[in-house]
Amino acid sequence: MATFLYRIGRWAFRRRRLVGGLWLGALLLAVAAAAVAPAAEEEDLSMPGTESQEAFDLLDERFPESNAQGAEARLVFQAPDGQRVTAKENKAAVKDTLGSLDGGDQVASTTDPYQTGAVSKDGTIAYSTITYSADARDLTGETKSALEDAASKARDTGLTVEIGGSALEAEEAPGGTTEIIGVAVAAVVLVLTLGSLVAAGLSLLTAFVGVAIAFGLVSALAVPLGLTDTVAILSLMLGLAVGIDYALFITSRYRDERARGSDPEEAAGRAAGTAGSAVVFAGATVFIALVGLGVVGIPELTKMGLGGAGAVALAVLVALTLVPALFGFFGRRVLARAVREAAEAPRRGAGNCATGHDEPAGDRQPIAANPAKRMGTRWARFVLRRPVAVLMVAGLGLGAVATPALSLELGLPGDESKSVETTQRRAYDLLSDGFGPGFNGPLTVVVDASDAADTRAATDQVVKTVRDMDGIASVGAPVLSKTKDTAVLTAVPKTAPNSGDTKDLVNEIRGAVSGVEATTGAGVLVTGNTAMNIDISEAMSDALVPYLAVVIGLAVLLLMVVFRSLLVPVKAALGFLLSVGAAFGVLVAVFQWGWGADLLGIEQTGPVMSLMPILVIGIVFGLAMDYEVFLLTRMREAYVHGASPGEAIVTGFRHSGRVVAAAAVIMVSVFAGFIGMSSPTIQTMGVGLATAVAFDAFVVRMAIVPAVLALLGHRAWWLPRILSRVLPNVDIEGEKLSRHVPAPATAPDAAAQPLPVGRHRY
């Protein structure tokens with residue numbers, strides 16, 4: 001692999017104009033395709049194989065007229081203190097408000113709360129349902145403004161009016177203040193790490209190119225593939241984070257090769273062959289983990305995984321081709337300013353020599369390098385002196401942070417998780433106050449009487465069974481399909497949608513109606529958004545351990561191939577478990593227990609979003625392997641060239657420690673930048689990924705890994721002979737590259753010498 005990537009790096013450097021032109025063309029095509037593509041419709045979560053999904057599919061078949069309905073809005077009215085919404089003046093205000101909407105563009109129908117009985121028992125709260133002929137995304141600005149204006153005019157009469165439903169729903173688009181801050185932090189870290197504005201800009205530029213192409217492709221394919229805004233945001237988040245990191249790793253290796261005396265083209269090839277090999281492997285692990293999300297069986301999760309995997313694949317391709325091409329465009333400016341100034345000093349002196357000619361030494365002479373005693377070196381030596389203490393502190397610390405994960409509860413966010421500053425959340429609270437906490441999460445009971453002798457008798461028996469249950473507040477009148485073979489009834493629980501009691505109630509109903517099915521021959525299914533959320537959460541809980549086992553097994557196998565070691569992969573897998581467990585602990589503490597929730601703008605605690613644990617595992621697995629590969633590659637490279645285990649650890653941190661730390665800070669900054677978005681899904685994703693990466697990079701890879709390697713010594717790199725013969729040698733350290741490509745002719749201490757004058761400008 002290293003030799004092949006070496007050739008790609010040199011080719012991209014030589015043909016930089018062609019490579020740059022191809023990527024520019026791809027960027028323009030992606031942007032143009034996204035610009036002309038129609039906006040995708042938001043789709044509800046589905047879970048094939050569950051009772052809820054089976055019921056939804058049956059409703060689509062037996063009640064096709066319900067599919068023609070568009071977005072809905074609920075206008076919720078509350079009378080002033082001491083008054084009733086049924087009072088003459090308040091009733092008139094409500095009717096005037098609804099009359100201003102009835103017959104408007106895109107309005108299909110409005111309901112009168114006084115005729116439908118949509119008034120609370122105490123007479124203080126009422127609601128009307130406005131049905132539109134178009135989906136929420138297709139509602140015009142005039143239609144939404146008319147709804148908001150009607151509510152505003154009703155407020156002028158003294159009523160409290162809030163708007164719920166899907167009509168005003170809109171997915172938040174990326175590009176807010178917090179995301180910009182995250183990118184700004186990444187830029188600062190790049191400048192401090194690389195010591196060059198050009199090098200920092202190169203990493204950002206290439207990452208933006210990959211992200212823009214990925215984002216454009218997701219937008220262009222949104223309608224034919226049913227991709228949602230969440231898929232696009234995840235692609236943006238992952239593509240930006242790994243794109244910057246991959247460019248940083250290759251740029252750092254390029255500068256190291258230049259410091260060793262390689263000419264620019266040779267350095268570009270060697271950077272692609274060595275660091276590029278690690279990039280390919282790291283990207284492959286992220287890609288596989290994300291594509292593997294499809295085995296869970298949730299279409300939305302599968303799409304998120306594929307979208308993120310595509311963005312990562314683009315980031316790898318950009319890093320292997322566009323980054324080396326830009327080395328050729330920017331020349332010496334990629335190097336740190338101090339290095340360039342050190343190289344220019346003898347160049348200026350040579351210009352004043354008697355002959356007046358430059359020396360023909362060329363650019364193969366070494367460039368000045370920094371002293372070896374860096375922070376990474378000092379830290380590695382500290383760990384080598386106290387491996388047991390470092391291991392105990394880091395391991396016990398992560399274990400303590402992971403403890404809340406034992407109380408992990410899964411659910412799906414609704415209006416109750418939104419900020420109280422939104423009208424949707426205030427409408428939710430008003431309806432809960434007026435009609436009970438279960439009103440916002442009704443259960444839909446579907447009676448399939450196609451095989452029953454008497455549809456009406458079977459339906460009446462189901463109604464009686466459900467109505468007699470303790471957790472049921474009310475049961476609506478059943479509605480029959482046109483073919484009279486299916487009935488639907490709505491049951492309102494006494495408890496809130498995300499309550500554990502509601503989950504128990506759903507399971508209780510499903511158990512109780514089995515007797516009705518046996519006596520009548522009818523099929524009875526419980527569905528609705530609340531039941532669907534419960535089924536998805538249970539499916540996620542059941543899939544969590546098997547998916548984790550697959551990911552851990554994959555990690556062990558891949559790392560065994562890469563490092564040709566048995567214990568290094570086991571250590572990496574255990575460290576990954578610690579970092580993921582700690583991230584879950586933070587999610588529980590913040591989103592369930594409310595610790596620090598105010599700082600993040602989270603006003604309502606509740607279960608952690610069902611998709612998050614598996615999504616975090618899939619993403620963090622790949623990112624954790626990134627840092628494992630980049631850090632241990634240099635260690636193994638030193639070890640196989642004769643360094644002792646301790647010296648190999650120091651060498652790895654000397655060359656990669658600072659870069660890995662910078663890459664982790666960049667990734668944490670990018671992920672944390674999405675915490676400020678109002679979407680609970682994106683907020684949870686930002687917190688989970690940012691904390692997981694921080695724990696994995698700074699605690700596991702920087703502390704636990706060197707401590708364990710120090711304790712294992714030579715045994716860390718041991719591989720049984722049978723495995724050595726069976727496992728392929730992917731040569732991620734570039735050993736074969738050094739045999740096929742002559743190394744730069746430098747003295748052992750040449751890295752400290754300045755570059756003599758030459759004809760090249762790189």
Chemist: Can you measure from CG (L24) to CG (L29) and round to the nearest 0.5 angstrom?
Modeler: 9.5 Å

Chemist: Is there a side-chain contact between R564 and M560 (heavy atoms, below 4.5 Å)?
Modeler: no

Chemist: Whether the side chain of R10 engages the backbone of G269 through a donor-acceptor N/O pair (distance < 3.5 Å, no angle test) should be reported.
Modeler: no

Chemist: Nearest 0.5 angstrom please: T3 OG1 to I8 CD1, how far?
Modeler: 11.5 Å

Chemist: Is there a side-chain contact between Y246 and L320 in this structure, where contact means two heavy atoms from C-beta onward sitting under 4.5 Å apart?
Modeler: no

Chemist: Between the side chain of S262 and the main-chain N/O of R258, is any donor-acceptor distance below 3.5 Å?
Modeler: no

Chemist: Not counting sequence neighbours, which residues clear side chain to side chain donor-acceptor pair (under 3.5 Å) with D245? List them please.
Modeler: Y627

Chemist: How long is the straight-line distance from CG of L5 back to OG1 of T274, given to the nearest 0.5 Å?
Modeler: 9.5 Å

Chemist: If you define the side chain from C-beta out and look only at heavy atoms, does anything of L326 sit under 4.5 Å from R16?
Modeler: no

Chemist: Looking at every heavy atom in both G308 and L238, which two are closest together, and how far apart are they?
Modeler: CA-CD1, 3.9 Å

Chemist: Checking side chain to side chain contact (heavy atoms under 4.5 Å, CB included) for the pair F653/L631: CA distance, chi angles, key distance, verdict?
Modeler: CA-CA 7 Å; F653 272 87; L631 192 59; 4.0 Å; yes

Chemist: Check whether any side-chain heavy atom of E266 sits under 4.5 Å from a side-chain heavy atom of E257, and report yes or no.
Modeler: no

Chemist: Quick one: are V242 and M667 in side-chain contact, heavy atoms under 4.5 Å?
Modeler: yes

Chemist: For R17, enumerate each residue passing the salt bridge (charged side-chain N to carboxylate O under 4.0 Å, His left out) test, keeping only those at least two apart in sequence or located in another chain.
Modeler: none

Chemist: Of F330, F327, F13, which meets ring-ring contact (aromatic ring centres under 6.0 Å, His included) against Y254?
Modeler: F327

Chemist: What distance separates M304 CE from I614 CD1, expressed to the nearest 0.5 Å?
Modeler: 11.5 Å

Chemist: Check whether any side-chain heavy atom of V693 lies under 4.5 Å from a side-chain heavy atom of F698, and answer yes or no.
Modeler: no

Chemist: Would you tabulate the side-chain donor-acceptor contacts of residues 208-226 under 3.5 Å, counting partners in other chains and residues two or more places apart, or write 'none'?
Modeler:
| unit_1 | atom_1 | unit_2 | atom_2 | d |
| --- | --- | --- | --- | --- |
| S219 | OG | F215 | O | 2.9 |

Chemist: How close do V231 and K303 get, heavy atom to heavy atom, and via which atoms?
Modeler: CG1-O, 3.6 Å

Chemist: Show every side chain to side chain donor-acceptor pair (under 3.5 Å) that has at least one partner inside residues 19-34, sequence neighbours left out.
Modeler: W23-T321

Chemist: Which side chain to side chain donor-acceptor pair (under 3.5 Å) pairs, counting each pair once, include a residue from residues 197-209, with sequence neighbours left out?
Modeler: none

Chemist: Taking atom CG as the centre, does L197 end up with more than 12 heavy-atom neighbours from other residues, nucleotides or ligands that are less than 6.0 angstrom away?
Modeler: no

Chemist: Quick check for you: to the nearest 0.5 Å, what is the distance between L290 atom CG and L306 atom CG?
Modeler: 9.0 Å

Chemist: Do M685 and L234 touch side chain to side chain, with heavy atoms closer than 4.5 Å?
Modeler: yes

Chemist: Begin with the C-alpha distance, continue with both residues' side-chain angles, and end with the deciding distance and a verdict on side chain to side chain contact (heavy atoms under 4.5 Å, CB included) for L559 and F281.
Modeler: CA-CA 10 Å; L559 289 179; F281 172 80; 4.1 Å; yes

Chemist: If every non-hydrogen atom of A662 is compared with every non-hydrogen atom of L248, which pair is closest and at what distance?
Modeler: CB-CD2, 4.2 Å

Chemist: Write down the atom of A664, the atom of A697, and the distance for their closest heavy-atom approach.
Modeler: CB-CB, 3.3 Å

Chemist: Considering all heavy atoms of both residues, which atom of V616 and which atom of A692 are nearest to each other, and what is their separation?
Modeler: CG1-CB, 4.5 Å

Chemist: For side chain to side chain contact (heavy atoms under 4.5 Å, CB included), just list the numbers for W11 and V19, CA-CA rounded to whole Å, side-chain angles, deciding distance to a tenth of an Å, and then say yes or no.
Modeler: CA-CA 9 Å; W11 174 83; V19 173; 3.5 Å; yes

Chemist: Assess whether side chain to side chain contact (heavy atoms under 4.5 Å, CB included) is satisfied between L632 and F563, documenting all intermediate values.
Modeler: CA-CA 8 Å; L632 266 71; F563 295 115; 3.5 Å; yes

Chemist: So do the side chains of I617 and Y547 get within less than 4.5 Å of each other, counting heavy atoms only?
Modeler: yes

Chemist: Which heavy atom in M635 sits nearest to a heavy atom in G652, and how many Å separate them?
Modeler: CG-CA, 3.8 Å

Chemist: Scan residues 686-696 for pairs that pass side chain to side chain donor-acceptor pair (under 3.5 Å), counting only residues two or more places apart or in two chains.
Modeler: S579-D696, D696-R701

Chemist: To the nearest 0.5 Å, what is the distance between OG (S277) and CZ (F4)?
Modeler: 10.5 Å

Chemist: Got more than 12 heavy atoms from elsewhere within 6.0 Å of CZ, R14?
Modeler: yes

